[in-house]
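Working notes, structure below.
Position 1 is the first residue of the sequence, and the numbers go up from there. Note that ligands are numbered from 1 as they come in the structure, with each ligand's atoms numbered from 1 the same way. What you see below is based on every heavy atom in this structure, not just the backbone, and it leaves out hydrogens, waters and symmetry mates. From a predicted model like this one, the values you see are computed outputs, not experimental measurements.
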Amino acid sequence: MNAIVIDGKSVAARLRAAVGAEVARLPYQPGLAVVIVGEDPASQVYVRNKEKAALAAGIAGRTIRLPATTSEAELLAVVRGLNADPAVDGILVQLPLPAPLRAQPIIDAIDPAKDVDGLHPVNAGRLANGLPGLVACTPSGVMKLLAEAGATLRGARAIVLGRSVLVGRPVAALLTNADATVTIVHSRTRDLQAECRRADIVIAAIGRPEMIRGDWIGPGAVVIDVGINRIADGSLVGDVAFAEASAVAGAITPVPGGVGPMTIACLLENTVIAAKARRV
Ligand code: NDP
């Protein structure tokens, strides 16, 4: 069998266009503020891409660049200022923050109604309880790719590899809310391979280059590879050994070009969702 390759780039482009069309219909311009602290080059690229994508969708994108020496109190003051700014619908603080800044107190300070990253405990808790709220962008992108692949979730056996707050946990909650039977595995799990082989849906988010081999995948399974790992030759690979897994799976996302492009598109979607909820 040769798996269908799920084209995240084109799904993301469609979503960005749909968000742009929706923005054009709104009687106001939604605003997204991205805060970046320090000079981490990867974060700088992510933030520039977010700003560009926001502007292309007609969202007022604003980036607030702060020096690495910013104190927690100063960063909290910036977040509170954005919470109070009526032109700002979405606030994203780019993670990771440079040491010694701690992420959690900053995330906790963001108004949950403007938390377009979906990481505030109120939004994470709403998701866990099956209530509506702002959903973290990468997990939301994963669900859209499953829909694109035509995966049946109700009653399906789904495995989520990884239990991070950013990916594994929210993906598991979304799949549970969609009536899948979900197993979450992590670094302490026994016999990962056997758990994986039983699954109809495999979501890989462990950050280990190509650890999930072809013989870990059940025939016809839908595989979504969240992992982004840079290997010795400088190229990017996922957590799944793509060539081996595509010989067995029914559908699979590539890396790059799978989940990656969905994250920013879902951020734009969240900004519009937040704007519409706030500006009723
Ligand atoms: P974390 O490092 O926060 O979490 C990794 C999870 O994988 C942990 O739960 C860890 O278990 C588990 N794990 C690590 N090694 C193993 C192993 N050998 N066997 C089983 N489980 C293991 O990573 P993130 O969730 O933030 O990211 C995961 C991957 O997704 C990374 O490659 C990251 O780059 C990528 N990513 C991609 C995004 C995108 O836009 N496409 C966005 C966010 C992340 P334990 O809890 O026991 O330590």
Side-chain angles (χ1 to χ4, degrees), residues 6-13 15-16 34 40-43 45-50 53 92-97 102-104 107 116-119 124 127 135-146 148 158-175 182-199 202-213 216-217 223-232 234-242 245 252-270:
I6 306 164
D7 182 357
K9 258 193 196 166
S10 81
V11 180
L15 178 56
R16 287 203 310 269
V34 177
D40 177 61
S43 295
V45 172
Y46 290 142
V47 163
R48 262 199 307 276
N49 288 343
K50 285 168 187 174
L92 181 151
V93 178
Q94 184 66 38
L95 302 177
L97 292 170
R102 300 168 301 158
Q104 198 62 51
I107 293 169
V116 281
D117 235 358
L119 297 179
L127 176 62
V135 176
C137 301
T138 302
S140 176
V142 166
M143 298 306 284
K144 291 184 199 301
L145 293 180
L146 286 171
E148 175 73 14
I159 189 166
V160 181
L161 296 106
R163 57 176 164 179
S164 72
V165 168
L166 191 59
V167 189
R169 285 167 201 258
V171 165
L174 285 165
L175 288 166
V182 181
T183 304
I184 307 177
V185 300
H186 46 74
S187 67
R188 302 287 181 270
T189 300
R190 286 197 306 264
D191 205 355
L192 224 53
Q193 180 175 354
E195 293 288 349
C196 209
R197 260 197 82 82
R198 284 156 30 100
V202 177
I203 315 293
I206 53 179
R208 298 278 177 263
E210 300 184 325
M211 192 177 103
I212 299 151
R213 312 304 310 187
W216 293 36
I217 306 294
V223 180
I224 308 289
D225 190 352
V226 184
I228 302 179
N229 309 289
R230 198 168 288 283
I231 55 171
S235 60
L236 290 181
V237 297
D239 291 343
V240 179
F242 181 81
I252 186 166
T253 58
V255 177
V259 177
M262 295 301 295
T263 300
I264 288 185
C266 290
L267 172 68
L268 304 181
E269 183 184 45
N270 271 355

*Does E210 offer a backbone N or O that forms a donor-acceptor pair with the side chain of R213 under 3.5 Å?*
yes

*Residue that, paired with I6, satisfies side-chain contact (heavy atoms from CB on, under 4.5 Å) out of V223, I224, L146*: I224

At less than 3.5 Å, what protein N or O atoms come close to the N or O atoms of ligand 1? Include the distances to 0.1 Å.
unit_1   : atom_1 : unit_2 : atom_2 : d
ligand 1 : 9 (O)  : R163   : N      : 2.8
ligand 1 : 11 (O) : S187   : N      : 3.3
ligand 1 : 15 (N) : R208   : NE     : 3.2
ligand 1 : 15 (N) : R208   : NH2    : 3.4
ligand 1 : 21 (N) : S187   : N      : 3.2
ligand 1 : 25 (O) : S164   : OG     : 2.5
ligand 1 : 30 (O) : V226   : O      : 3.4
ligand 1 : 32 (O) : I228   : N      : 3.1
ligand 1 : 32 (O) : I228   : O      : 3.4
ligand 1 : 34 (O) : I228   : O      : 3.4
ligand 1 : 40 (O) : T263   : OG1    : 2.8
ligand 1 : 46 (O) : R163   : NE     : 2.7
ligand 1 : 47 (O) : R163   : NE     : 3.4
ligand 1 : 47 (O) : R163   : NH2    : 2.7
ligand 1 : 47 (O) : S187   : N      : 3.2
ligand 1 : 47 (O) : S187   : OG     : 2.5

*Name all residues meeting the side-chain contact (heavy atoms from CB on, under 4.5 Å) criterion together with R190; count only those two or more places apart in sequence or in a different chain, and write none if there are none.*
none

*Sort out for me which residue in V167, D239, V240, V160 forms a side-chain contact (heavy atoms from CB on, under 4.5 Å) with I206.*
D239

_Any donor-acceptor N/O pair, N270 side chain to V135 backbone, under 3.5 Å_ = yes

*Is there a donor-acceptor contact under 3.5 Å from the side chain of T189 to the main chain of L192?*
no

